[in-house]
Structures are given as structure tokens and as C-alpha cells.
Amino acid sequence: RPVKKRSPRRSVAERNAATEKQWCCVISPIGSFRRSWDLVMVLMLVYVALVTPYHIAFLQAYGYDNIMEWVGLFVVDKLVDCLFVVDMVINFRSAWVTDDEQSQDNGLVQFSCGQAALIYIKGWFW
């Protein structure tokens with residue numbers, strides 16, 4: 001009976017690269033796009049944190065009936081809202097890095113559509 005040769009154990013980075021190739025339309029949590037997107041979202045959160053109190057305090061008289069007086073701010077607010085909706089879609093399509101120090105797969109990028117949705121809904125969605 002021939003003895004099977006064991007292939008050398010691949011590093012986490014090699015396994016991550018191989019795994020990412022088999023996914024379609026999945027965003028890597030360690031890629032440059034995700035880091036840039038997270039920076040954009042931080043800037044949008046800062047905008048909302050600064051502008052919302054201003055809206056509440058000083059723009060109570062502005063509504064849809066006089067929208068032309070504040071159309072620029074209206075357009076920016078709607079753009080920010082659209083970016084937050086896109087962020088939800090991106091989060092549903094983002095992989096994650098395992099952080100179980102007991103497991104041999106610690107640091108491995110993983111993705112499953114159902115589990116990604118569950119992780120996002122349990123954590124950041126609400």
C-alpha cells in the first residue's frame with residue numbers, strides 16, 4: 001500500500017488568497033477597497049453627527065414646500081443616505097477574519113452568504 005505524502009501546510013495568507021479567488025462579488029476585509037470604504041463611512045458619520053444637531057436647532061422652518069432655499073443641503077443629505085444604504089449592501093457581501101485563537105484557522109478570511117447576513121444583523125445592523 002503506497003504511503004500518501006502530506007502536502008506542506010499552507011500559510012494563512014496563502015489560504016486566504018486561494019479562498020478569495022473562489023468567491024464572486026465578495027469584499028475582502030483586508031483589502032484596500034474595504035479600508036477606503038470604511039474611511040468614507042467614518043466621514044459620513046462625522047457629517048451626520050455635526051449636521052443633524054444643526055438641522056434640529058436652526059432649520060426647523062425648512063421643509064419640502066421651500067426646498068429651493070436649502071436644495072444643496074437636501075442633495076448632500078440624500079447622497080449621505082444613499083451611501084449608508086450602499087454600506088448595508090457592502091456589509092452583507094463582506095468576508096470576515098476568524099479570531100478564534102483556539103482554532104488552527106485563526107486569521108483565516110471566511111465567507112458564507114447566510115452567515116455574513118447573520119453576523120451583520122446580530123452585530124452592526126441594529
Side-chain angles (χ1 to χ4, degrees):
R1 193 163 143 169
V3 177
K4 289 184 180 179
K5 290 185 179 180
R6 294 187 99 179
S7 62
R9 182 143 173 96
R10 295 185 304 169
S11 70
V12 170
E14 291 171 333
R15 290 187 290 164
N16 284 345
T19 305
E20 286 177 16
K21 288 179 183 176
Q22 67 185 353
W23 296 328
C24 177
C25 301
V26 174
I27 298 162
S28 172
I30 55 178
S32 61
F33 172 77
R34 183 59 195 217
R35 291 173 195 235
S36 300
W37 182 258
D38 287 344
L39 179 62
V40 168
M41 286 296 98
V42 167
L43 294 174
M44 294 302 105
L45 287 170
V46 169
Y47 169 82
V48 168
L50 295 176
V51 173
T52 300
Y54 179 78
H55 275 219
I56 293 170
F58 301 110
L59 299 179
Q60 294 176 358
Y62 292 108
Y64 290 110
D65 53 338
N66 61 350
I67 196 169
M68 292 313 292
E69 295 177 23
W70 59 287
V71 70
L73 192 57
F74 176 80
V75 170
V76 171
D77 281 348
K78 295 309 163 200
L79 178 65
V80 169
D81 291 343
C82 289
L83 287 174
F84 282 127
V85 170
V86 170
D87 185 55
M88 285 191 281
V89 173
I90 287 174
N91 279 306
F92 276 107
R93 297 302 303 168
S94 291
W96 62 91
V97 178
T98 57
D99 60 357
D100 183 13
E101 293 180 11
Q102 308 301 326
S103 171
Q104 65 183 0
D105 291 334
N106 186 27
L108 187 65
V109 174
Q110 295 185 342
F111 181 75
S112 161
C113 288
Q115 196 167 359
L118 189 63
I119 288 171
Y120 182 55
I121 287 174
K122 281 184 175 180
W124 289 102
F125 193 76
W126 302 112

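Every heavy atom of this structure was used, including side-chain atoms; hydrogens, water molecules and symmetry mates were not. Throughout, residue positions are numbered sequentially from 1 according to the sequence presented.
- The list of salt bridge (Lys or Arg N to Asp or Glu O under 4.0 Å) pairs with a residue in residues 63-80, not counting sequence neighbours, reads K78-D81.
- Contact annotation: the side chain of F33 approaches that of I90 to within less than 4.5 Å [non-hydrogen atoms, C-beta and beyond].
- Hydrophobic clustering, with ILVMFWY side chains joined whenever heavy atoms are under 4.5 angstrom apart, groups M68 together with F74.
- Ring geometry for F58 versus Y54: interplanar angle of 30 to 60°, hence tilted.
- Considering only heavy atoms from C-beta on, F92 stays 4.5 Å or farther from D87 through its side chain.
- For the atom pair L50 CG and H55 NE2, the distance stands at 11.5 Å (nearest 0.5 Å).
- Note that the CG atom of L79 and the CZ atom of F84 stand 10.5 Å from one another [nearest 0.5 Å].
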message: Using side chain to side chain contact (heavy atoms under 4.5 Å, CB included), reason through Y47 and T52 one step at a time and then give a plain yes or no.
response: CA-CA 8 Å; Y47 169 82; T52 300; over 6 Å; no
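- A pairwise comparison of heavy atoms in L83 and W37 identifies O-CZ2, 3.7 Å as the closest pair.
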